[in-house]
Colleague: 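Handing you a structure now.
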Amino acid sequence: MATAIGVDDSKMADKEQHTPPPVVSEGEKFWAPKAPELPIIERKNWLIHHHYIHKDYETCKMIIKEQLQESNGLCEYAIYVQALILRLEGKIQQSLELFQSCAILNPRSTDNLKQVARSLFLLGKHKAAIEFYHEVARINEKDWEISHNMGVCYFFLKDFKHAEEQLNIALQLNKHDTTFMMLGKVHMVASETDKAIDVYKRGVEFSPENTELLSTLGLLYLSLGKYQKAFEHLGNALTFDPNNYKAILAAGSMMQTHGDFDVAMNKYRVAACAVPESPPLWNNIGMCFFGKKKYVAAISCLKRAHYLSPFDWKVLYNLGLVHLTMQQYASAFHYLSATINLNSRLGELYMLLAVALTNLDDDENATRAYEQAVNLDQSNPLVNLNFAVFLYNHADKIRALNQYEEMEKKVNTLRDNNSSFDFDPELIEMAQKLGLALQVKESVMWTKPSKDSKSKAGAGDVNPSPGAPLGTNQALGQAMSSAASYNKNIQLPTKGPSTSRDPDTDRVPSPPSDPPGSPEFAQAEDPRPKSSKRRSKVEE
């Protein structure tokens, strides 16, 4: 055993002599394997991204230029970011061409195709954009952004059926506030108010702190006369955002409608800090002054609104109304004529124009204006009453009697549709006097109003019927009734009070109802997106 052990030890010793231990110098260290170098076409991508997200676009463009020179124009990411920068600078066509180059370099990239479609949309080529979105959808079917943007394109093509379909698909894939807003707008433009309300209610349930959804829903309820629900949603919007100018304008308009002009003005002061150049804001402020009988201040504010929005027929309407109230008939004619050039489908406009022409002693054109008014209007008895007074004053009793009968038909229709319909006492008074002058039998519908009646509009003002032709607001002309349908007294066969009337200023136009903001595309921000009782004022 001792010999064997000795032999083994000698063998091991020999092996140790043949494999000497490695010699390590003092400065030598062990390093991990060196990382492979990136291809030249992608070497500066990180630097491009860094400067882009920090909005240092000039430096970013210099690096992109160097990168494209080194890669012979084959760096997809550099071209992509350059296209994004060009779009930000407003050079949409050049941006489109670069995105198309990216799509050629990498045709399977959904990001490249989506950006091409986005550029086409910005250029107004909605059909071409839809084709590209369909191509992207074949690659990735479960992308809510694609369905949302297709819905927006169909909306601008006025294909509301397909727009609704695509937006509903987007909501099924992923719920977003933007999609709820866009779908609600589609229903509103298609005059489907009930569906729009349902969509916004779902949006509020999904995002209860979204002030845009809350304020829009409140405005819809306000347009339908559901003041309690409108106040609730507008109040919630102001709770989350006290400076939300849409909610402030709507809340102020409700107070303005009920005659609380000072409180409404306090609300408008807050809104003026956020949107000092808002035409609806200055329109409302002007009509608050109008309600307080401060006509010079009202005209000043309305002219500012007109300066900010020169083609808004509603502001022109209000200017014409205030000048008519101040008996400045030439100025009233000027503004009312401009209003009719912008909106020629409203009978009350022609009625007020006829009032101005009557006071300017242009009876021929006043008659034409009244005839146009009665042809266009199908529900407001005030138009026929004013025309009847005008005809009676010009000794045309036969036509005056015809207009009186037409007025009675409209009154009966209004009462049949709404048994609690309450007419203005001055309308009743004037109709009774005109009926006496025309020797018409007293109608059972002309009953004396109660003394508690709060309605004090102009001569023959009447509560506007639901669904008046101004969309979310009702005819302003009804607020001023005839605004002095004729400046001479009706010559009654027997003595009686004069029926000529100065325009009443108790009635004030009601507030704004801004439509939901313009639709926006869903798009990632990174450079590489990842997969009333009576409402008279008119407003936008």
Side-chain angles (χ1 to χ4, degrees), residues 287 290 293 295-296 298-299 302-303 313 315-341 344 346-377 380-397 399-400 403-404 407 424 426-427 429-431 433-434 437 456-462 475-492 497-507 509 536:
M287 297 317 291
F290 175 69
K293 301 185 180 181
Y295 304 126
V296 176
I299 289 175
L302 288 171
K303 284 191 174 180
W313 68 269
V315 177
L316 290 168
Y317 193 121
N318 289 342
L319 275 167
L321 183 63
V322 177
H323 282 292
L324 202 58
T325 304
M326 297 177 70
Q327 299 183 3
Q328 297 174 348
Y329 301 114
S331 297
F333 171 79
H334 167 75
Y335 287 112
L336 291 171
S337 298
T339 307
I340 290 174
N341 287 332
S344 59
L346 191 60
E348 286 88 348
L349 282 171
Y350 288 94
M351 179 189 70
L352 291 181
L353 183 65
V355 171
L357 289 168
T358 302
N359 286 278
L360 292 171
D361 295 327
D362 189 350
D363 297 335
E364 181 180 355
N365 286 320
T367 303
R368 293 177 181 175
Y370 272 125
E371 290 173 349
Q372 185 69 12
V374 296
N375 288 334
L376 290 173
D377 185 85
N380 188 0
L382 174 62
V383 176
N384 302 93
L385 176 60
N386 285 332
F387 193 18
V389 172
F390 174 84
L391 292 170
Y392 179 85
N393 280 312
H394 288 79
D396 192 347
K397 292 186 178 181
R399 294 179 64 192
Q403 292 300 321
Y404 188 88
M407 175 197 65
D424 188 270
E426 294 178 354
L427 166 64
E429 182 183 358
M430 176 176 277
K433 291 176 182 178
L434 182 60
K456 293 182 180 180
D461 192 9
V462 62
L476 179 57
Q478 294 177 345
M480 291 307 302
S481 64
S482 69
S485 64
Y486 192 51
N487 62 344
K488 301 175 184 177
N489 297 342
I490 295 182
Q491 302 297 322
L492 298 176
S498 167
T499 55
S500 78
R501 307 194 52 81
D502 289 330
D504 193 349
T505 56
D506 254 356
R507 288 303 314 289
S536 32

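None of these values were measured; they are calculated from a predicted model.
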Colleague: Applying side-chain hydrogen bond (donor to acceptor under 3.5 Å, both in side chains), name anything that partners Gln328, two or more places apart in sequence or on another chain.
Modeller: His323
Colleague: Look up atom CG in Leu353 and atom CD1 in Ile340, then write down how far apart they are to the nearest 0.5 Å.
Modeller: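 Output value for this atom pair is 4.5 Å.
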Colleague: Looking only at heavy atoms, what is the nearest atom pair of Ala369 and Leu357, with distance?
Modeller: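 Ala369 and Leu357 have their closest heavy atoms at CB-CD1, 4.4 Å.
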Colleague: Classify the ring geometry between Phe387 and Tyr370 as parallel (under 30°), tilted (30 to 60°) or perpendicular (over 60°).
Modeller: parallel
Colleague: Considering all heavy atoms of both residues, which atom of Ala332 and which atom of Gly320 are nearest to each other, and what is their separation?
Modeller: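 Closest approach of Ala332 to Gly320, heavy atoms only: CB-O, 3.6 Å.
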Colleague: So, the side chain of Tyr404 versus the backbone of Ala431: is there a donor-acceptor pair under 3.5 Å, distance only?
Modeller: yes
Colleague: If I take atom CD from residue Glu348 and atom CG from residue Leu336, how far apart are they, to the nearest 0.5 angstrom?
Modeller: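 Output value for this atom pair is 12.5 Å.
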Colleague: If you look at every heavy atom in Tyr335 and Leu319, which pair is closest and at what distance?
Modeller: CE2-CD1, 3.7 Å
Colleague: Tell me, which pairs form a salt bridge (Lys or Arg N to Asp or Glu O under 4.0 Å) where one or both residues lie in residues 323-332, sequence neighbours left out?
Modeller: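 Salt bridge (Lys or Arg N to Asp or Glu O under 4.0 Å) check on residues 323-332 returns no pairs.
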Colleague: Would you compute the distance between atom CG of Leu385 and atom CE of Met430 and round it to the nearest 0.5 angstrom?
Modeller: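 Going from the CG atom of Leu385 to the CE atom of Met430 covers 6.0 Å.
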Colleague: Could you state the interatomic distance from CZ (Phe290) to CD1 (Ile299), rounded to the nearest 0.5 Å?
Modeller: 10.0 Å
Colleague: Tell me every residue that passes side-chain hydrogen bond (donor to acceptor under 3.5 Å, both in side chains) with Asp362, counting only those two or more places apart in sequence or in another chain.
Modeller: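 Expected list: Asn365.
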Colleague: How long is the gap from CZ on Phe333 to CG on Asn359, to the nearest 0.5 Å?
Modeller: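 Reported to 0.5 Å precision, the distance equals 13.0 Å.
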Colleague: Nearest 0.5 angstrom please: Asp396 CG to Gln403 CD, how far?
Modeller: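 Result: 10.0 Å between the selected atoms.
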